Amino acid sequence: MMLQIPVKKKHQHQPETTLPANPEDHASFSDVVLCLVEKRMGASRKAFLTSLARRKGFCVEGANSERVTHVVSEGNSGDEVVEWMKRNGSRSVGAAGSGPALLDLSWFTESMSAGQPVEIEPRHCLGVTVHTETLEDRCQVAAYACQRRTPLAHKNQLLVEALETVAEEALFCGSEARNLAFSRAASVVKSLPWTVTGVIEIHSLPCIGEHSRKIIQEVLEDGASAEVENIRQSERYQTMKHFIKIFGVGVKTAGRWYQEGLRTISDLQVHHAKLNSAQQAGLLHYRDLNTPVKRSEAEVIVQVVQKAVDQLLPGASVTLTGGFRRGKPSGHDVDLLITHPTEGQEVGLLSKVICWLDSQGFLLYHSTHRNTFQTFDDPELSVTTATMDHFDRCFSIFCLNYSHKSIKRDSSDREFACEGKGSGDACDWKAVRVDLVVTPNSQFSFALLGWTGSKNFERELRRFSKYEKKMMLNSHTLYHTEKKMFLSAASEEEIFQHLGLDFIPPEERNA
Ligand code: UTP
Ligand code: MN
């Protein structure tokens, strides 16, 4: 027997005669409210699509409803839609910096077949030339961070911090998928050239899911999100944050320590036996290593390493990468790439550099990893998208300004001698994390691109290469999986060209 569901009466005056009652009670997607543009679609097709949408759980309202978030049209230009909406009583469409998304029917049909609102992509958006410049700009926010320009200074600090906190918490919980989703949302918000003031302004943005939207809304409306504040206050989050700041400690180790009931750095000192040598060094220099490294300090380290390289392999170069190359005034470490114009000359260089630096008293700690990168018979085996690279690489802790040989290098003395370092200048040296990477010249551009970051930008470059271009990118090479060939590049620009991307300079890769 067919179940008869009573249809609710209309609440509002609707200027379009064909719009049936709105069974809002049954809508599944409460923050998506559709409006179908009758112009060119025709009354009967509109009625059919309206009932289809409602059957699928969507809320459909008239043009005059202020709740409308998605305007769907067939065969009209963006400007025609704006005009039609205004004629039919819309007050939100065309308002600068806000208003519903203006979409082509393709978004509607894809959403119907998905059974839920699909993410809005630029191809769904209708371009508008009049009145809605901001709306149009918004539609142009590209889906991948490597297609967007993200300067260091952005306009939505509170929103980004909130989303990044939830992303970090997801990482602490071992949920990589949630971490990625929130990191991507934060990254989109970072790229916006305006300050978001209302949740309606983010409706047409890519990569912002239901949960991120809710957090953004809370921050916009209440100045803070209860969920984010709870995370920040939680003992687990605070402890994890504390532990992962130790050099040599990752999320896994921090999580294990937390499970074991450890909470403070002193707790760790009591359990000294559990620490490996990197972590011991990390603990010893905890304060220094968590004091931001200034650009001027990074430049001194570049000079020191360049001096070493000049003596050991004339012609070899040292390049500052990482956050400093993206224009950051400070960072948590110094990332250096070393190469030589003649391929092969760089072999064995790293260990010599380390020896020299150590003999000169520049190293408080170092750990070297051999190059394991090689071309296998099946190239796809050698081209992984893993973030861990296979260059000759050294994680080190530098002793910056180690000019006074009278300062004992015995670490415990040093820490003792520097007890008052925070308040005075009792100590004239500082421990600084330095990553040294040696690359063959033919891989230099890939290494430069890979080590410049940001992490989000790199991740998106790799994802874009794989899913949009059928290519595998890492810090060594670019491989076309269909053509089954490696693509060489003598500059970062050439890599962007291979990928069909506009070149994004380092200062705009702060995704
Ligand atoms: P960092 O972790 O040093 O980040 O890695 P950063 O952007 O310089 O930030 P701060 O200023 O130090 O805090 C630099 C880049 O090197 C890549 C990462 O993708 C990141 O973008 N990287 C890092 C690798 O490719 N492999 C690694 O093993 C580590
Ligand atoms: Mn860095």
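Treat the numbers as computed from the prediction; the structure is a model and nothing was measured. Atoms within each ligand, like the ligands themselves, are counted from 1 in listed order.
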Colleague: Taking non-hydrogen atoms only, is Glu458 closer than 4.0 angstrom to ligand 1 via side chain, backbone, both or neither?
Modeller: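 For Glu458, the contact with ligand 1 is made by the side chain alone.
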Colleague: Over 60° means perpendicular and under 30° means parallel, so tell me whether Phe457 and Phe496 are parallel, tilted or perpendicular.
Modeller: tilted
Colleague: Between Leu220 and Gln217, does the side-chain contact (heavy atoms from CB on, under 4.5 Å) criterion hold? Intermediate values first, please.
Modeller: CA-CA 5 Å; Leu220 290 175; Gln217 183 160 12; 5.8 Å; no
Colleague: Can any side-chain N or O of Asn290 pair as donor or acceptor with the backbone N or O of Tyr286 at less than 3.5 Å?
Modeller: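 Yes; at least one donor-acceptor contact below 3.5 Å.
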Colleague: Please state whether Arg326 comes within less than 4.0 angstrom of ligand 1, counting heavy atoms only.
Modeller: yes
Colleague: How would you list all residue pairs meeting side-chain hydrogen bond (donor to acceptor under 3.5 Å, both in side chains) that involve residues 327-338, not counting sequence neighbours?
Modeller: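 Checked against side-chain hydrogen bond (donor to acceptor under 3.5 Å, both in side chains) - neighbours excluded - no pair reaches residues 327-338.
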Colleague: Which atoms of ligand 1 have any heavy atom of Asp333 under 4.0 Å away?
Modeller: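 Going through ligand 1 atom by atom, the ones under 4.0 Å from Asp333 are 3 (O), 12 (O).
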Colleague: Counting heavy atoms only, which of His332, Lys455, Arg459 comes nearest to atom 18 (C) of ligand 1?
Modeller: Lys455
Colleague: Salt bridge between Arg232 and Glu229, side-chain N to carboxylate O under 4.0 Å?
Modeller: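 Salt bridge present between Arg232 and Glu229.
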Colleague: Show me which atoms of ligand 1 lie under 4.0 Å from any heavy atom of Gly453.
Modeller: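 Atoms satisfying the 4.0 Å criterion: 21 (O).
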Colleague: Of the backbone atoms (N, CA, C, O) and the side-chain heavy atoms from C-beta on, which set of Arg393 has a member under 4.0 Å from an atom of ligand 1: side chain, backbone, both, or neither?
Modeller: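 The answer is the side chain of Arg393.
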Colleague: Trp257: what forms a ring-ring contact (aromatic ring centres under 6.0 Å, His included) with it, not counting sequence neighbours?
Modeller: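 Trp257 satisfies ring-ring contact (aromatic ring centres under 6.0 Å, His included) with Phe243 only.
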Colleague: Flag the pair Tyr365 / Phe247 as yes when their ring centroid distance falls below 6.0 Å, and as no otherwise.
Modeller: yes
Colleague: Which is closest to atom 5 (O) of ligand 1 by heavy-atom distance: Thr321, Asp335, Thr452, Val334?
Modeller: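 Looking at heavy atoms only, the winner is Asp335.
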Colleague: Just jot down the ligand 1 atoms closer than 4.0 angstrom to any heavy atom of Gly450, in number order.
Modeller: 16 (O), 17 (C), 19 (O), 25 (O)
Colleague: Could you tell me whether the side chain of Thr339 and the main chain of Thr439 form a donor-acceptor pair under 3.5 Å?
Modeller: yes
Colleague: Identify, by atom number and element, the atoms of ligand 1 in contact range of Ser454, meaning under 4.0 Å from any of its heavy atoms.
Modeller: 21 (O)
Colleague: Taking the six-membered ring of Tyr258, is NZ or CZ of Arg263 closer than 6.0 Å to its centre and within 45° of its axis?
Modeller: yes
Colleague: Number the atoms of ligand 1 from 1 as they appear, then name those within less than 4.0 Å of a heavy atom of Gly322, with their elements.
Modeller: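 Once the distances to Gly322 are compared, the set is 8 (O).
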Colleague: Who passes ring-ring contact (aromatic ring centres under 6.0 Å, His included) against Phe446, sequence neighbours left out?
Modeller: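 Result, ring-ring contact (aromatic ring centres under 6.0 Å, His included) vs Phe446: none returned.
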Colleague: Only protein N/O/S atoms count here: give how many lie under 2.8 Å from the Mn ion (ligand 2).
Modeller: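 My tally for this metal is 2.
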Colleague: Report yes if some heavy atom in the side chain of Pro117 is under 4.5 Å from a heavy atom in the side chain of His203; otherwise report no.
Modeller: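 No, too far: nothing below the 4.5 Å cut-off.
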